[in-house]
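Inspection log for the structure reproduced underneath, given as structure tokens.
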Amino acid sequence: MTPEIALNPELATLSRFIVLIGLTFYSFAFIVLTWALTKRAGAKGKKGAFANRLDTIGLTLFTLGVVANGIGVLTRGIAANRVPWANMYEFSISGAFVVTSIYLLSLLFKDIKFISSFVAGFVVLIIGSANTLFYVQVESLLPALQDYWLVIHVSVAILATAFFTIAATLALIHILKESKWINNSKLKGVKALKKQLKVFPKVEKLERTYYQFNIIGFILWSFTLIAGAIWADKAWHRFWGWDTKEVWTFIIWTIYAAYLHATTTRGWEGKRAAWLTLIGFTAIIFNFTIVNMYFKGLHVYSGL
């Protein structure tokens, strides 16, 4: 018989408030970092220095958002007396924290500060959706989920998603930079966008960078697939059951495997590789939202 788990709804409410503080920091960071990006196009001298100061302010706000986000995730876990990954709300706030943490850590090794406004905007969307569409009261896990494999399987899935998110952001910029419509358009607004895109590195550097992030994400996603099969055998006495979630996890793995195969052995490069990256990330978003909310299965955990 599964023991009753003590829950703390008051702490869960405090956790949500702290997450919203994090959302506020992320939102202001997005505004400031976007402002810095617009000022950087063709900026020299004092204007360039001003853009640098905006970058510093924006990344400081971004870091404060990460800290508040992390505290919110931690307090949610304490309130539930378990890891906070049991429903879409918890997965969203945890995923936002991991994405932003991985991004800040990546800045120590990679010059990808130019996508900071994109990352900030993405987590604003994720946490905003989590609080308006996905929020549920804290509750206990189903007996089948009360296992250490939950920590292993889901934590690696969140890490993989974080790397895929950063890769998709870089791939999107790649596609925009090589868009014939943008480069040939005479529209005033589009010409301004074209000028703005010159701020970003050359497509060759973008492609190398998101390839590296995709490799790490693919390795982690492969482990997610394997760990999920082992956990399924322990919980339901079968490694694979063609459950909707299992199928989509495998589809995502196949897309990224095709991407790596095409880029390493078939010489795929340029926009084709970028589009395949975005297709893989779109499958991840579909798996997290549509599959969880509208499909039935053992793995559906929206909590809604």
Side-chain angles (χ1 to χ4, degrees), residues 17-74 92-131 158-159 161-174 176-177 189 192-210 212-213 216-217:
F17 178 72
I18 296 172
V19 169
L20 290 173
I21 292 175
L23 175 61
T24 303
F25 280 124
Y26 284 138
S27 299
F28 280 111
F30 170 70
I31 294 170
V32 174
L33 290 169
T34 302
W35 187 13
L37 194 61
T38 59
K39 288 294 183 182
R40 193 168 298 284
K44 295 180 180 179
K46 291 183 178 181
K47 290 185 178 180
F50 179 64
N52 290 334
R53 286 197 296 272
L54 288 176
D55 267 336
T56 300
I57 295 170
L59 285 173
T60 300
L61 291 168
F62 187 92
T63 303
L64 291 172
V66 176
V67 172
N69 191 172
I71 295 173
V73 171
L74 178 63
S92 294
I93 63 173
S94 298
F97 172 68
V98 174
V99 167
T100 51
S101 297
I102 293 293
Y103 175 68
L104 286 180
L105 184 62
S106 298
L107 289 177
L108 300 176
F109 307 96
K110 294 286 183 181
D111 182 18
I112 55 173
K113 187 168 62 174
F114 54 88
I115 65 168
S116 56
S117 60
F118 291 83
V119 177
F122 180 75
V123 296
V124 166
L125 179 62
I126 291 298
I127 297 180
S129 298
N131 276 279
I158 293 175
L159 281 171
T161 303
F163 281 96
F164 286 144
T165 300
I166 296 173
T169 304
L170 294 165
L172 175 61
I173 295 173
H174 181 171
L176 292 175
K177 282 181 73 69
L193 174 61
K194 179 182 176 180
K195 180 181 178 181
Q196 188 64 54
L197 288 171
K198 292 180 180 179
V199 174
F200 301 114
K202 294 181 178 180
V203 293
E204 292 80 10
K205 180 179 179 180
L206 290 170
E207 192 170 0
R208 286 196 305 270
T209 306
Y210 66 73
Q212 293 167 346
F213 277 95
I216 298 173

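- The only option from Val19, Ile18, Val98 that meets the side-chain contact (heavy atoms from CB on, under 4.5 Å) definition with Ile93 turns out to be Val19.
- Between Ala36 and Ala51 the shortest heavy-atom distance is CB-O, 3.8 Å.
- Here the shortest heavy-atom pairing between Gly58 and Ala29 reads O-CB, 3.5 Å.
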For residues 105-123, run the donor-acceptor check on the side chains, cut-off 3.5 Å, and write out each pair with its distance to 0.1 Å, sequence neighbours left out.
{"residue": "Ser106", "atom": "OG", "partner": "Ile102", "partner atom": "O", "Å": "2.7"}
{"residue": "Lys110", "atom": "NZ", "partner": "Gln212", "partner atom": "OE1", "Å": "2.4"}
{"residue": "Ser116", "atom": "OG", "partner": "Lys113", "partner atom": "O", "Å": "2.9"}

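- To the nearest 0.5 Å, atoms CG (Leu206) and OG1 (Thr169) are separated by 11.0 Å.
- Atom CD1 in Ile126 sits 11.5 Å away from atom CG in Asn69 (nearest 0.5 Å).
- Expressed to the nearest 0.5 Å, how far OG1 of Thr56 lies from CG of Leu59 amounts to 7.0 Å.
- Put simply, NZ on Lys202 and CZ on Arg208 are 10.5 Å apart, with the number rounded to the nearest 0.5 Å.
- Between Tyr210 atom OH and His174 atom NE2 the span is 4.5 Å, to the nearest 0.5 Å.
- Proximity of the aromatic rings of Trp35 and Phe30 is defined here by a centroid distance below 6.0 angstrom, and this criterion is not met.
- The two residues Gly95 and Ile158 have their closest heavy-atom pair at CA-CG2, 3.9 Å.
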Taking it one step at a time, do Leu37 and Phe200 satisfy side chain to side chain contact (heavy atoms under 4.5 Å, CB included)?
-> CA-CA 10 Å; Leu37 194 61; Phe200 301 114; 3.9 Å; yes

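- Put simply, the side chain of Leu74 does not reach to within 4.5 Å of the side chain of Phe97, judged on heavy atoms.
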Step by step, would you call Phe62 with Tyr103 a side chain to side chain contact (heavy atoms under 4.5 Å, CB included)?
-> CA-CA 11 Å; Phe62 187 92; Tyr103 175 68; 4.0 Å; yes

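- Closest of all the heavy-atom pairs between Val66 and Ser101 is CG1-OG, 3.6 Å.
- Using a 3.5 Å distance cut-off with no hydrogens or angles, the side chains of Tyr26 and Thr100 do pair a donor with an acceptor.
- The heavy-atom pair separating Lys198 from Lys177 by the smallest distance is CA-NZ, 4.2 Å.
- The two residues Gln196 and Thr38 come nearest to each other via the heavy atoms OE1-CA, 3.2 Å.
- Taking the side chain as every heavy atom from C-beta outward, Ile127 and Asn131 approach each other to under 4.5 Å.
- With rounding to the nearest 0.5 Å, the separation of CD1 in Ile173 from OG1 in Thr209 is 10.5 Å.
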